[in-house]
Amino acid sequence: MENSFNCYAENGFSSVGVKAIAKACDCSVATLYLYFENLDDLIVKSTEYCMSKVEDEFMAKAPTDVEDLWRFIDEIPYWTAKKHGKKYRLMYQIYTHPKYREYGQKFFKGVDERYTEYAKSLEGKLGIPHKKLTPLIFILIRACVHYALFEDEFYLKSQIAVLKETLELFLAKYNPKARSGTFTE
């Protein structure tokens, strides 16, 4: 699935056929059809699988405490753009295509659930309630994806500045013992 998704990401969603995918996967076309009903099934399953892996890599870089939070916010947009920019572009091509939109809706419903669980895991580390962290995670992710798609530095920096200021306010309110004041504008 990774090889097929990467083949699409490198060459474009509309210009890759089943023969190119089979070649990228070092198998025959018949072998692909043993595992996938058709090319649409391969596209949908490989996208979901690979984007879940991207999400896992992203979460593995998660901050371990308040001090690490600032490093994470500063580094993650550039890391994700460099490492996964083509994958994000492909994911949006696929999940916004009318043919696959329902799969995109399903995937993003799962994202909502996973980010909420992620916020719950950060609640104890940061001292901020997960219901406050969840929307901030969405802001960060959207800023990272937007940057990966368009390399729009102005949008990224404005979103990150608002995110950091909001985190400072939440830290002051919910975790006053945490060392804040690391964000300066």
Side-chain angles (χ1 to χ4, degrees), residues 1-2 4-16 43-44 46-64 66 68-122 126 128 130-171 182-185:
M1 285 199 269
E2 288 180 53
S4 64
F5 189 78
N6 289 336
C7 184
Y8 281 120
E10 286 296 320
N11 301 300
F13 170 55
S14 60
S15 62
V16 175
I43 290 167
V44 167
S46 67
T47 300
E48 182 179 355
Y49 175 81
C50 288
M51 292 316 297
S52 291
K53 284 191 71 166
V54 166
E55 193 177 279
D56 290 343
E57 284 184 42
F58 191 95
M59 298 304 180
K61 292 188 158 294
T64 55
V66 173
D68 196 35
L69 179 62
W70 310 115
R71 175 219 40 97
F72 177 74
I73 291 171
D74 288 335
E75 291 176 4
I76 202 70
Y78 300 102
W79 171 84
T80 197
K82 183 177 179 180
K83 183 152 176 137
H84 299 299
K86 289 180 183 180
K87 293 174 185 175
Y88 283 124
R89 286 189 285 282
L90 176 61
M91 177 194 67
Y92 276 98
Q93 284 180 335
I94 291 169
Y95 285 155
T96 59
H97 191 285
K99 193 176 193 179
Y100 308 115
R101 190 167 181 268
E102 70 183 87
Y103 298 104
Q105 289 172 322
K106 180 183 170 193
F107 177 79
F108 283 103
K109 184 175 182 337
V111 166
D112 294 350
E113 293 165 3
R114 289 186 297 277
Y115 288 177
T116 299
E117 289 305 310
Y118 175 55
K120 287 177 181 177
S121 76
L122 288 175
L126 304 179
I128 300 171
H130 77 274
K131 289 185 178 187
K132 302 293 184 187
L133 288 171
T134 301
L136 299 180
I137 292 169
F138 281 108
I139 291 169
L140 176 62
I141 300 298
R142 296 298 180 249
C144 289
V145 170
H146 185 87
Y147 183 76
L149 294 173
F150 305 110
E151 297 178 5
D152 184 346
E153 197 77 31
F154 176 78
Y155 179 87
L156 175 66
K157 288 186 178 196
S158 65
Q159 295 296 301
I160 296 299
V162 168
L163 178 65
K164 285 181 173 182
E165 189 168 353
T166 303
L167 283 166
E168 286 285 345
L169 292 169
F170 282 157
L171 286 169
T182 49
F183 172 68
T184 56
E185 185 57 34

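None of these values were measured; they are calculated from a predicted model.
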Fill in: From CA spacing to verdict: ring-ring contact (aromatic ring centres under 6.0 Å, His included), Y78, Y147
CA-CA 8 Å; Y78 300 102; Y147 183 76; 5.2 Å; yes

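- For the pair E57/K83, a side-chain contact is recorded, criterion being any heavy-atom separation below 4.5 Å from C-beta on.
- Only one option out of V145, V54, L90 pairs with H84 in a side-chain contact (heavy atoms from CB on, under 4.5 Å); it is V54.
- Residues L140 and F72 are in side-chain contact: their nearest non-hydrogen atoms beyond the backbone lie under 4.5 Å apart.
- In summary, E75 and K61 do not engage in a salt bridge, as defined by a charged side-chain N under 4.0 Å from a carboxylate O.
- Here the CZ atom belonging to R142 is positioned 10.5 Å from the CG atom belonging to L149, to the nearest 0.5 angstrom.
- S158 places a side-chain N or O within donor-acceptor distance of the main-chain N or O of Y155, the cut-off being under 3.5 Å.
- A salt bridge (Lys or Arg N to Asp or Glu O under 4.0 Å) check over residues 149-158, counting only residues at least two apart or in different chains, returns the pairs E153-K157.
- Residues Y95 and Y100 share a closest heavy-atom pair of CD2-O, 4.2 Å.
- Closest approach of A143 to L156, counting heavy atoms only: O-CD1, 3.9 Å.
- Between the side chains of H146 and Q159, no donor N or O sits under 3.5 Å from an acceptor N or O.
- Between L167 and W70 the shortest side-chain heavy-atom distance falls below 4.5 Å.
- Taking every heavy atom of both residues into account, L122 and L133 meet most closely at CB-CD1, 3.9 Å.
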Worksheet entry | Audit row: N6, K87, side-chain contact (heavy atoms from CB on, under 4.5 Å) steps and yes/no | CA-CA 7 Å; N6 289 336; K87 293 174 185 175; 3.4 Å; yes

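- Separating the CD1 atom in I128 from the CG atom in L136 is a distance of 7.5 Å, to the nearest 0.5 Å.
- Of the possible polar contacts, one joining the T134 side chain to the H130 backbone as a donor-acceptor pair under 3.5 Å is found.
- For the atom pair NZ (K53) and OH (Y49), the distance works out to 4.0 Å, reported to the nearest 0.5 Å.
- When all heavy atoms of C144 and P77 are compared, the closest pair comes out as SG-CA, 3.5 Å.
- Ring geometry for F13 against H97 counts as perpendicular: the plane angle is over 60°, on a 0 to 90° scale with 30° as the lower cut.
- Here the CZ atom belonging to F58 is positioned 3.0 Å from the CD1 atom belonging to I141, to the nearest 0.5 angstrom.
- Contact check on D68 versus R71 returns a salt bridge, with a Lys/Arg side-chain nitrogen under 4.0 Å from an Asp/Glu carboxylate oxygen.
- Of all heavy-atom pairs between S52 and F107, the closest is OG-CE1, 3.8 Å.
- Closest approach of Y118 to P63, counting heavy atoms only: OH-CD, 3.5 Å.
- Evaluation of the side-chain hydrogen bond (donor to acceptor under 3.5 Å, both in side chains) test over residues 106-116, restricted to residues two or more places apart or in two chains, returns E55-R114.
- Rounded to the nearest 0.5 Å, atoms CE (M1) and SG (C50) are 7.5 Å apart.
- The NZ atom of K132 sits 12.0 Å away from atom CG of L169, with the distance rounded to the nearest 0.5 Å.
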